[in-house]
Each structure stands twice: as C-alpha cells, then as structure tokens.
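Reading through the structure tokens given below for one structure.
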Number of protein chains: 2
Amino acid sequence: MEEIDPLGPTPVYRQLARILRERIASGDLAPNRPIPSEAQLRQQYGIARGTARRAVQVLRDERLVVTVTGRGTYVRPRP
Amino acid sequence: MEEIDPLGPTPVYRQLARILRERIASGDLAPNRPIPSEAQLRQQYGIARGTARRAVQVLRDERLVVTVTGRGTYVRPRP
DNA sequence: TACCATTTGTCCGTATGTATG
DNA sequence: CCATACATACGGACAAATGGT
C-alpha cells in the first residue's frame, strides 16, 4: 500500500487525497462503492481522523465522491 | 409536503419536530387523533426511525402529544 | 386459547458532523 | 496535525404492548 510521509513537504491530507484519487482512477475504489471509512483510513495510513476527513473533503470538492451521513462516502459514478 | 434538508444547519429531528408542530397548530393533525407512526414518518420524510423517534420525543417534552405503547402517538387536547 | 399485524421501546454497531485543546 | 469528546444520523435486531382474527 502506498505510504504517507508525515515529514515531506506535502501536507499529509494532500498526500492521502492523491492516493485516494489514484485508487479511484485505477478502479481499486469502484463507482457507487464506499471508500474506506474515516476510522479505516486512520488505521490503514496511521493518521488522525481529522486528517482523513480533510483528505476526503478534497475529493468531495472535486466531485469524485459523495458523502451520506451515517452511511459512508461513495465513489461518484461518471456521468 | 414540507421537505427536510439533511444538510443545512438544523438537525433533521428538529426540522421534523417543527413540521409536526405546525401540522398540529394548523389542525392538520387534530386533537385526540394519531400522528403518523414512526414507520410512516420514516417513509414520508426519508429519514431513519431513530430520527423520527427523536422528533416525536421533542413534542412529548412539549406536551403536544401523548404516546401509548403498541397504539401510537396522539395529539393532546388543549386543557 | 393461540396466533398475527402494527406500533412503540430498547439496544447495538457504525459513520459522519462539530467543537475544543 | 493529533487526540478527545459529544452530537447527529443510519440500519438492524429484538422485546413489549395493543387490538384483532
């Protein structure tokens, strides 16, 4: 799994956003399927939940995912 | 029918409580008559049952309705 | 009596939303 | 950025109560 460098010049949340973006582009995270929950991202990448949220927020702003309260965040199908 | 905005700053259960309060005030929901069941509220407003329950709880706290287990929740007559 | 459908009561697990150090 | 806490919301499961068959 792609690693995150907490030191490097790029903010962690941006690194995670890029990783998730690539996982979506590659089909690893498929349309209409949920991406890992914030808790899972936290565990899998060794980051704080707030940082995971921020990364997901980036993808929301890019319209790559849609979030449903109480359910999760899903990969948006291509129109 | 009045809509609920799952986003917006006001919690869904409060929005539903306000809607039901207005339906009672307008007479749409009449004294000694049942309000929609939790299952009906769930369907009609597209929310979870727990959220519907919470809205009804608000009205109970305001003494606007009375709930009978196994029967339903009824609009309280004005004293 | 024994079911049965409906409704409310309760509990659990999971996830997101927000706020504070 | 991290850590914590609490609120809000969804979904499922089962129990208790009610009224009818």
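Naming convention: chains lettered A, B, ... in sequence-line order (proteins, then strands); numbering from 1 in each chain.
The pair B:Glu38-B:Arg42 does not count as a salt bridge, with every side-chain nitrogen at least 4.0 angstrom from each carboxylate oxygen. Taking 4.0 Å as the cut-off between side-chain N and carboxylate O, B:Glu2 and B:Arg23 do not count as a salt-bridged pair.
Shown for residues 55-66 of chain A: no residue has heavy atoms falling under 4.0 angstrom of DNA chain D.
Distance A:Glu38 CD to D:dA3 P: 15 Å, rounded to the nearest Å. The CD1 atom of A:Ile4 sits 9 Å away from the P atom of D:dC2 (whole-angstrom rounding). Protein atom CZ of A:Arg53 is 14 Å distant from nucleotide atom P of C:dA15, rounded to whole Å. With rounding to whole Å, A:Leu16 atom CG is found 14 Å from D:dC1 atom C1'.
D:dC2 is paired with C:dG21 under the Watson-Crick or G-U wobble criterion, all donor-acceptor distances under 3.5 Å.
Closest approach of A:Pro36 and A:Gln40 over heavy atoms only: CA-OE1, 3.3 Å. Looking at every heavy atom in both residues, B:Ala52 comes nearest to B:Leu41 through CB-CB, 4.0 Å.
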Side-chain donor-acceptor distances from residues 65-74 of chain B under 3.5 Å, at least two apart:
residue, atom, partner, partner atom, Å
B:Thr67, OG1, B:Arg60, NH1, 2.6
B:Thr67, OG1, B:Thr73, OG1, 2.7

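At C:dT7, none of the side-chain N or O atoms of B:Thr67 fall inside 4.0 Å of OP1 or OP2 (strictly under the cut-off).
The OH atom of B:Tyr13 lies 14.5 Å from the CZ atom of B:Arg53; values are rounded to the nearest 0.5 Å. Here the CD atom belonging to A:Gln15 is positioned 5.5 Å from the CD1 atom belonging to A:Ile4, to the nearest 0.5 angstrom.
The shortest distance between side-chain heavy atoms of B:Leu29 and B:Leu20 falls below 4.5 Å.
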Let me have a per-nucleotide readout for nucleotides 8-21 of chain D, 5' to 3', with B, S or -, counting only protein heavy atoms under 4.0 Å. SBBS-B---BSS--
